[in-house]
Amino acid sequence: MANSGIQLLGFALSLVGVIALIVGTILPQWKMSAYIGDNIITAVAMYQGLWMSCAFQSTGQLQCKIYDSILQLDSALQATRALMIVGIIVSIAGLGVATMGMKCTTCGGNNKVRKSRTAMTGGIILLIGALCAVVACSWFAHNVIRAFYNPYTPVNTKFEFGAAIFIAWGGSFLDVLGGAMLASSCPRSKKPVPKYPAMSGVSTRSPPSSTKEYV
């Protein structure tokens, strides 16, 4: 079975990964305006996220506007939203299940095999949540790259990667690593060892009875 140190490290990495996923999902810097071409204008920087779009003025002011209608959004953005939310919820559920199966906790009784299986289940759930986040980030990045290299996209509307997508990517990979460590808690079957093993070389026959008669 995996020792408690690996379980603690996997839990810590998964917890940091979930926090990074939440922060990355909230931040609006999923993509930022790319300044390319001959006329470079740096007075305004445009940011777009999953929930809002922001404009950063040269004076230091940041103005954000939340998307008014969900139905007017691009289908890829809606799918990215859904996958990130599902990934966060599933990862939090995996952390809760893994907590009950860790060796350093008292949840689940003293049955080590059952606790190891619970920790392994929590690790698998974390891997599923991390996979959802990886797919969401990779899909969003693919759409940004495709629009950037599309010759029909106007120069002033081209975007590149922002900081939030890298935070979400990092959190998802930390979830993958932590979930893999917790999933390594798979119990190994052990052969039962007799409590009192038979001693070799010792005769178990009863001693011969004496036939002598004493007066």
Side-chain angles (χ1 to χ4, degrees), residues 12-95 125-180:
L13 291 176
S14 301
L15 181 61
V16 174
V18 171
I19 294 174
L21 286 179
I22 296 174
V23 172
T25 303
I26 296 174
L27 288 178
Q29 291 89 358
W30 275 69
K31 61 180 181 179
M32 57 182 296
S33 53
Y35 301 106
I36 58 177
D38 297 332
N39 297 325
I40 301 178
I41 301 175
T42 59
V44 179
M46 300 298 297
Y47 300 101
Q48 290 187 7
L50 302 181
W51 311 98
M52 65 186 72
S53 60
C54 299
F56 185 77
Q57 306 289 339
S58 59
T59 57
Q61 295 179 349
L62 182 65
Q63 297 178 348
C64 296
K65 183 177 183 298
I66 299 176
Y67 299 137
D68 296 328
S69 176
I70 298 178
L71 299 178
Q72 291 181 353
L73 297 177
D74 184 53
S75 59
L77 182 59
Q78 296 182 21
T80 304
R81 270 185 178 185
L83 284 174
M84 289 301 297
I85 293 175
V86 170
I88 292 173
I89 294 175
V90 173
S91 298
I92 292 176
L95 284 176
I125 296 174
L126 279 167
L127 289 175
I128 295 174
L131 180 61
C132 293
V134 170
V135 172
C137 296
S138 302
W139 191 2
F140 190 91
H142 171 72
N143 292 330
V144 172
I145 295 173
R146 185 177 60 180
F148 184 87
Y149 288 108
N150 189 355
Y152 298 102
T153 303
V155 176
N156 58 348
T157 60
K158 290 188 176 183
F159 290 87
E160 58 186 3
F161 299 150
I165 190 171
F166 292 107
I167 295 175
W169 252 328
S172 60
F173 285 120
L174 285 177
D175 264 357
V176 170
L177 186 58

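Values below: all heavy atoms of this structure, side chains included; hydrogens, waters and symmetry mates excluded.
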Would you name the heavy atoms of Gly178 and Leu13 that are closest together and state the gap between them? CA-CB, 4.2 Å
With a 4.5 Å limit on heavy-atom distance, are the side chains of Met84 and Leu21 in contact? yes
Output the distance between atom CZ (Phe140) and atom CD (Gln48), rounded to the nearest 0.5 Å. 7.5 Å
When rounded to the nearest 0.5 angstrom, what is the spacing between CD1 in Ile85 and CD1 in Ile22? 11.5 Å
Who passes side chain to side chain contact (heavy atoms under 4.5 Å, CB included) against Ala55, sequence neighbours left out? Val44, Met46, Gln57
Check whether any side-chain heavy atom of Ser53 sits under 4.5 Å from a side-chain heavy atom of Tyr67, and report yes or no. yes
Working to the nearest 0.5 Å, report the span between CG of Leu95 and CG of Leu126. 5.0 Å
Please give me the minimum heavy-atom distance between Ala136 and Thr80, naming the atom from each residue. O-CG2, 3.8 Å
Any idea which heavy atoms bring Gly179 and Ser14 closest together, and the distance? N-OG, 3.5 Å
Taking Gly24's backbone N and O only, do any of them form a donor-acceptor pair with Trp30's side chain (distance below 3.5 Å, no angle check)? yes
Could you measure the distance from the CD atom of Gln63 to the OH atom of Tyr47? Nearest 0.5 Å is fine. 13.5 Å
What's the spacing between Ile167 CD1 and Ile19 CD1 if we round to 0.5 Å? 12.5 Å
Can you check whether Leu177 reaches Phe173 side chain to side chain, under 4.5 Å on heavy atoms? no
Heavy-atom closest pair, residues Glu160 and Ser33: OE2-O, 4.2 Å
Counting N and O atoms only, with roles assigned by atom type, does the side chain of Trp51 sit under 3.5 Å from a partner on the main chain of Thr25, one being a donor and the other an acceptor? yes
With rounding to the nearest 0.5 Å, note down the distance linking CE in Met52 to CG in Leu27. 9.0 Å
Which residue pairs pass the side-chain hydrogen bond (donor to acceptor under 3.5 Å, both in side chains) test when at least one of the two sits in residues 161-175, sequence neighbours left out? Ser91-Asp175
Kindly state each residue pair satisfying side-chain hydrogen bond (donor to acceptor under 3.5 Å, both in side chains) with at least one member in residues 130-145, sequence neighbours excluded. Asn143-Arg146
Does any part of the side chain of Arg81, heavy atoms only, come nearer than 4.5 Å to the side chain of Leu73, both counted from C-beta? yes
On a heavy-atom basis, the closest approach of Ala141 and Ile165 is CB-CD1, 3.9 Å
